[in-house]
Amino acid sequence: MLVKLTLSSMRKMFKDYLVLLFGLTISIAIFYMFQTLAQNKAFVEANSLISSIMFVFHVGSFILGFITIFYIFYATSFIQTLRQKEMGMYMTLGAKKGKITQLMFFETFFIGIISLVVGIIVGVGLSIGISDLLMQQLDFSVEGFKAVYTSSILTTVIFYIILFLLTSIVNAWQIGRRSVLHLLHAGQKQDFVKVSGVKTFFGVLFAIILIGIGYFAMIEIEKLQQLGVILASVTIIPGTYLVFISFLPYFLKKLKQNRQLNEKGINSFTLGQLRFRMLNLTKVLGTVAMLIALGLGAMTAGISFYHNIEIQSSMFHANDVAIHQPTEQDLEALKSMDVTEQHTYTYKVTDDGIYFLKNKLIEDPPLVQAYNAQFELPKKQRVEDKLPASSYSLQEDAGSEELPENWWSAISTEINASYNMFGSTSVYVVDQAKYDEIDANDNEVILARVEDFKADIPQIEKIDKGQAQIAEKYRGEPVENTGSKFTNYVALKSLASGTIFMGIFLGIAFLMMMASVLMFKLLSSAGADIHRYSMLRKIGVRKSLLKKSIYRELFLLFLFPALVGLVHVIVGMQMFSFIIIEPYTKIWIPISIFFVIYGLYYLITVHLYKRIVLPKEK
Amino acid sequence: MSQPVLHVNHLNKVYGKKNENQFHALKDVSFDIESGEFVGIMGPSGAGKTTLLNVISTLDQSSSGTIEIAGTNITAMKQNQLADFRSEQLGFIFQDFNLLENLTVYENIALPLSLKGVSTRHIKPSVMNVAQKLGIEKIIDKYPITISGGQKQRVAAARALVHEPAMILADEPTGALDSKNAKSLMETLVHLNEKLNTSIMLVTHDPLSASYCQRILFIQDGQLYKEIHRNTTRNSFHQEILDVLAEFATSNELE
């Protein structure tokens, strides 16, 4: 009988449950998607490039799992607030405590199982869509990728069943522990919090000091290194909570004391609601602010990384392409590019070594990347060192002098005369006399800089394939990475794409979950507000004014954590300023994504809230 | 005599659609309340008291008939007009106080004035004035949760009065109070009625509270059943009310 009653009342509250189901489904779907990407063996093996990103996905699913635990507990406690009154009623009618506990357990678990099934289905769809997108963006082959992957499903199912079991037990236990009266009158009680002046003052002071230190640590990250990261996290997190615990209530109190503002229209009610809500929501708001900062930060960092691929890929090479033993096609490809600088050097290859002709190098020195002691981007510089000796060696060799540093990088990096090209054969730079003694054919290598590397990628890719064949000839093994600027670019791009993808998805997942935590928290306290709105309506407040009050109140509640999170992110991007050249370019992309998601949640919350609290009228 | 503050004319309220099971909550009800009058509405449960109050207070719409409050016909008004009308012309006192617990006593009382757009300068004197009349000026900065039921009902009365409405509608105001607080509240209402000439319509099923009124309308099954005037002391009026209620009981038994 009780089961029947529960089912019927669940049906009545279907719309409220729908919100919960939606949130759970999203979390499960995203978790599953990460699992498919991280576990798909055939796919990982077929794409050697992706294996480096795998680590990122594993870390991603770990963080996601962690946040999910937090989220599920919040979401399921929403069920509790929805149902406790009814449970209390059953108990007054004589239902045993054990039965109620049991009911609560099964109800929570039931909701969990439904969302698990729906979530995995949505997750499969999402993986198909995302993998397609990923493949296109990162030029991975779709070979071996399965959207329905047994081991991923298993992981997801096991993880969530354990989670749901835990939360169901907690939910049941909490309901079972409460007295009948408490359940019956749930929602009527108003937590009354008094703020003492001294406490508030120190709270505000500490909040400012802590956040100040944290921001300083993030800005000075170059000097503080890892210490800065630790310092920032131990100061900013408590600082953020303090802002919500002491500063905002204080701020609202001050706002309310402004009589001009408070006594205008319905403002006193809106502010009163806000103030009480704020006192009850401090921890949630603090958490939401932190997770907005994390989610938005992950997204912003990902996008900035992507933007920096090209700059990073040219960190090692001053020249864009080195063509050993150019063929007709290579020369043609070179002609079609917009070449700004071109050098040709000659060398001979024997079984014992690779010999470069010194004169040619000195007559027409190439550009190299010169590093300085600081961790800054290297500068392009023309090689000017004199080479007075008759023979220099790239490797340590008893018979020859060691090459000066800039020439070393010119030969091994720019000309790419290193293991990548020639295997373990030694490389020498020799004068004309020694060069002539060597009994081998002359070979040419062309070094070129182009106007726009990105624009010439198709040609450069062709050239690089030819170079790989030459390298295979010398090294006697299959060669995938010739060590050229092009291969660096491709590798970095895939890594950065992985990061940006991760960043965006983790960010979106965080934001969705966090915004819905706020939504659940607000909605679960909406029941207590019903009589306030009906009373206001009775004493003659226009419905439009009530709506306006709801919009404003919830707007401010959504706004505060968003603002704090946003400021954290904007300052936090300073941390990346030594890896990323311009961390703030395109920051509007993640910020607008954030505002769209957050805004949608705001509107949904307002809509549901209105449905709950506003008196129904014909 | 002066112009009636409330003029109810052939009022009908029918629940349910046509061709369905209809329920006539109010059948052809007509009565007036003069300005400055203190009128009680009594009747057994389900007689139509609450419906009558809801319709008069513009919270519900009548099926036919007209209601005029302070010369304005409210049956023809739109929702927003009605809301404005309520906020300007009517004051409410409810059984469960209906104070906003997230506002202080002061703010609760000030709310009707704020809603009317009264400037801050004028709000404070009005609030303090009415608070003084009701003896709640000492608790003015407290939150409702920290004051007693009797005090809460006084605050509610202050809020109903502060904007000087044409009429106060009180719905079982003593329902949640003990006898001592109930007596004190009724005396306050009488005081407001006599000293400030406030028109009050009181809906109650408590004969003792009703005995403070000048006139009582009894309704049963949606119709006006009887009307009695107070000509004697309150005690004998109380007895008179009890007699009428006894009549209800016997008439019900005869059916």
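All figures in this text were calculated on a predicted structure; none of them were measured in a lab.
Evaluation of the salt bridge (Lys or Arg N to Asp or Glu O under 4.0 Å) test over residues 552-565 of chain A, restricted to residues two or more places apart or in two chains, returns Arg277(A)-Glu553(A). Sorted by first and then second residue, the pairs that involve residues 64-93 of chain B and meet ring pair (Phe, Tyr, Trp, His ring centres under 6.0 Å), not counting sequence neighbours, are Phe92(B)-Phe94(B).
Residues of residues 122-137 of chain B that come within less than 4.5 angstrom of chain A, heavy atom to heavy atom, are Ile123(B), Lys124(B) in numerical order.
Looking at Leu536(A), the atoms closer than 4.5 Å to chain B (heavy atoms on both sides) all sit in the side chain, from C-beta outward. Using a 4.5 Å cut-off between heavy atoms, Leu103(B) contacts chain A through its side chain alone, with no backbone atom that close. For Arg159(B), the part sitting under 4.5 Å from any heavy atom of chain A is the side chain, from C-beta outward, and nothing else.
Closest approach of Gly540(A) to Ser87(B), counting heavy atoms only: O-CB, 3.3 Å. Annotation for Arg537(A) and Arg86(B): closest pair O-NH2, 2.8 Å, computed over non-hydrogen atoms.
Enclosure of atom OH in Tyr551(A) is not indicated, since only 12 or fewer non-hydrogen atoms of other residues, nucleotides or ligands lie within 6.0 angstrom. The environment of Phe555(A) atom CZ is sparse: at most 12 non-hydrogen atoms of other residues, nucleotides or ligands sit within 6.0 angstrom. In this structure, His607(A) places its NE2 atom where only 12 or fewer heavy-atom neighbours from other residues, nucleotides or ligands lie under 6.0 Å away. Surrounding NE2 of His7(B) are more than 12 heavy atoms belonging to other residues, nucleotides or ligands, all under 6.0 Å away. For CD of Gln81(B), the number of neighbouring non-hydrogen atoms (other residues, nucleotides, ligands) closer than 6.0 Å is greater than 12.
Contact annotation: the side chain of Ser268(A) approaches that of Leu111(B) to within less than 4.5 Å [non-hydrogen atoms, C-beta and beyond].
Note that CG of Asn108(B) is 7.0 Å distant from CE of Met535(A), once rounded to the nearest 0.5 Å. Expressed to the nearest 0.5 Å, how far CG of Leu274(A) lies from CG of Asn102(B) amounts to 10.0 Å.
Of the listed residues Pro112(B), Ser114(B), Ser57(B), the one with more heavy-atom pairs under 4.5 angstrom with chain A than any other is Ser114(B).
In this view, Asp178(B) and Asn181(B) satisfy the side chain to side chain donor-acceptor pair (under 3.5 Å) rule, not counting sequence neighbours.
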With side-chain contact (heavy atoms from CB on, under 4.5 Å) as the criterion, how do Arg542(A) and Asp84(B) come out once you've worked through the C-alpha distance, each side chain's angles and the decisive distance to 0.1 Å?
CA-CA 7 Å; Arg542(A) 281 183 175 218; Asp84(B) 292 346; 2.5 Å; yes

